Amino acid sequence: MTLSAEWRVFGEFDVVLVVEDGIVREAMTADPVILHDFLTSMSGLHSWRSDHAVEGEKDRPEPWGALVISRAETGEIIDMDPQRFWTGVHIWFRSRGVDYDTPIAV
C-alpha cells in the first residue's frame, strides 16, 4: 500500500486528495487547517475524511483538477507546480498575514 496526498485546484475551490496506489480514497475541500497539515507534517493523513463523493472517474486524481503538489506519506515531494504552489500559499496564507507553517490556533 503506497499512500500519498495531493493538493489540486478544482474549479472554484481546491481539494486535498488521499491517494492509495493511484486510487483516490478521500477528497476534502481544502481549508487552511488541512493545507497546513498537508504542507508541514501530514499527521492527519490517516484521519482525513471525504466531504466529496469519490466515484466513477473521480477515483483517479486527474479529474480533480490541476496538480499543485503531491507528497508521499513520509513527506517527500513527489511532484509540484511551483507557480501554482506559491500562488496557493499566497491565497490561503500570506494574504491573511500568516504563512503555511505558522502554528494554527486551537
Side-chain angles (χ1 to χ4, degrees):
M1 169 176 89
T2 303
L3 206 58
S4 63
E6 299 185 2
W7 172 10
R8 289 183 172 264
V9 177
F10 185 60
E12 294 182 16
F13 57 93
D14 294 0
V15 293
V16 173
L17 307 174
V18 175
V19 181
E20 181 180 356
D21 296 324
I23 304 296
V24 176
R25 297 295 180 212
E26 307 290 340
M28 293 79 48
T29 302
D31 64 32
V33 173
I34 289 175
L35 288 172
H36 169 80
D37 188 22
F38 171 76
L39 294 172
T40 57
S41 67
M42 298 212 355
S43 63
L45 183 65
H46 291 278
S47 63
W48 293 336
R49 296 295 172 249
S50 292
D51 59 356
H52 295 280
V54 178
E55 55 192 20
E57 72 173 15
K58 297 272 178 93
D59 69 347
R60 295 184 342 271
E62 295 77 16
W64 289 99
L67 179 69
V68 177
I69 182 173
S70 62
R71 296 184 71 195
E73 179 177 15
T74 53
E76 292 91 354
I77 295 173
I78 298 168
D79 197 6
M80 176 180 177
D81 180 313
Q83 184 171 351
R84 283 191 186 106
F85 175 79
W86 290 113
T87 298
V89 166
H90 174 76
I91 290 168
W92 283 101
F93 300 100
R94 293 183 176 167
S95 66
R96 298 172 178 154
V98 296
D99 210 342
Y100 67 88
D101 58 353
T102 301
I104 299 287
V106 182

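Owing to the predicted nature of the structure, the values given are computational and were not obtained by experimental measurement. Side-chain atoms are counted along with the backbone in the values below, which use heavy atoms only and exclude waters and symmetry mates.
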*Asks:* Can you measure from CZ (Arg84) to CD1 (Ile91) and round to the nearest 0.5 angstrom?
*Replies:*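 Between atom CZ of Arg84 and atom CD1 of Ile91 there are 11.5 Å.
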*Asks:* Who are the side chain to side chain donor-acceptor pair (under 3.5 Å) partners of Arg94, not counting sequence neighbours?
*Replies:* Asp99
*Asks:* Measure across Ala30 and Trp92 and return the closest heavy-atom pair with its distance rounded to 0.1 Å.
*Replies:*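 Closest pair (atom of Ala30, atom of Trp92, distance): O-CH2, 3.2 Å.
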*Asks:* Applying ring pair (Phe, Tyr, Trp, His ring centres under 6.0 Å) as the test, list every pair that has at least one member in residues 36-55; sequence neighbours left out.
*Replies:* Phe13-His52, His52-Trp64
*Asks:* For Asp79, which residues count as a salt bridge (charged side-chain N to carboxylate O under 4.0 Å, His left out) partner, sequence neighbours excluded?
*Replies:*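 Partners of Asp79 by the salt bridge (charged side-chain N to carboxylate O under 4.0 Å, His left out) criterion come out as none, since no residue qualifies.
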*Asks:* Side-chain polar contacts of residues 18-25 - donor-acceptor pairs under 3.5 angstrom, sequence neighbours left out - could you list them?
*Replies:*
unit_1 : atom_1 : unit_2 : atom_2 : d
Glu20  : OE1    : Arg25  : NE     : 3.2
Asp21  : OD1    : Thr2   : N      : 2.9
Asp21  : OD1    : Thr2   : OG1    : 3.4

*Asks:* Does any non-hydrogen side-chain atom of Leu39 lie less than 4.5 Å from one of Asp101?
*Replies:*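 SC-SC contact between Asp101 and Leu39 ruled out.
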*Asks:* Determine which pairs satisfy salt bridge (charged side-chain N to carboxylate O under 4.0 Å, His left out) with at least one residue from residues 35-52, sequence neighbours left out, and list them in order.
*Replies:* Glu26-Arg49
*Asks:* Which value, rounded to the nearest 0.5 Å, describes the distance between His90 atom NE2 and Arg96 atom CZ?
*Replies:*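 Answer rounded to 0.5 Å: 10.5 Å.
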*Asks:* I'd like to know if Val16 and Phe10 are part of one continuous hydrophobic network [Ile/Leu/Val/Met/Phe/Trp/Tyr, side-chain heavy atoms within less than 4.5 Å].
*Replies:*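 No, it is not one cluster - the side chains of Phe10 and Val16 are not joined through contacts under 4.5 Å.
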*Asks:* When you compare the side chain of Asp14 with that of Val68, does any pair of heavy atoms fall below 4.5 Å?
*Replies:*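 The answer is no; the side chains never approach within 4.5 Å.
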*Asks:* What's the spacing between Thr40 OG1 and Leu35 CG if we round to 0.5 Å?
*Replies:*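 Answer rounded to 0.5 Å: 10.0 Å.
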*Asks:* Could you state whether Trp7 and Ile78 fall into the same hydrophobic cluster, counting links through intermediate Ile, Leu, Val, Met, Phe, Trp or Tyr residues with side-chain heavy atoms under 4.5 angstrom apart?
*Replies:*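 Each belongs to a different hydrophobic cluster.
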*Asks:* Roughly how far, to the nearest 0.5 Å, is the CD1 atom of Ile69 from the CH2 atom of Trp86?
*Replies:*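 One gets 9.0 Å once the value is rounded to the nearest 0.5 Å.
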*Asks:* Which donor-acceptor pairs under 3.5 Å do the side chains of residues 53-62 make with protein atoms, sequence neighbours left out?
*Replies:*
none

*Asks:* First locate atom CE of Met42, then atom OG of Ser4, and finally report the distance between them rounded to the nearest 0.5 Å.
*Replies:*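 Going from CE on Met42 over to OG on Ser4, the span is 7.5 Å.
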*Asks:* Atom CG of Leu3 and atom CZ of Arg71: how far apart are they, to the nearest 0.5 Å?
*Replies:* 12.5 Å
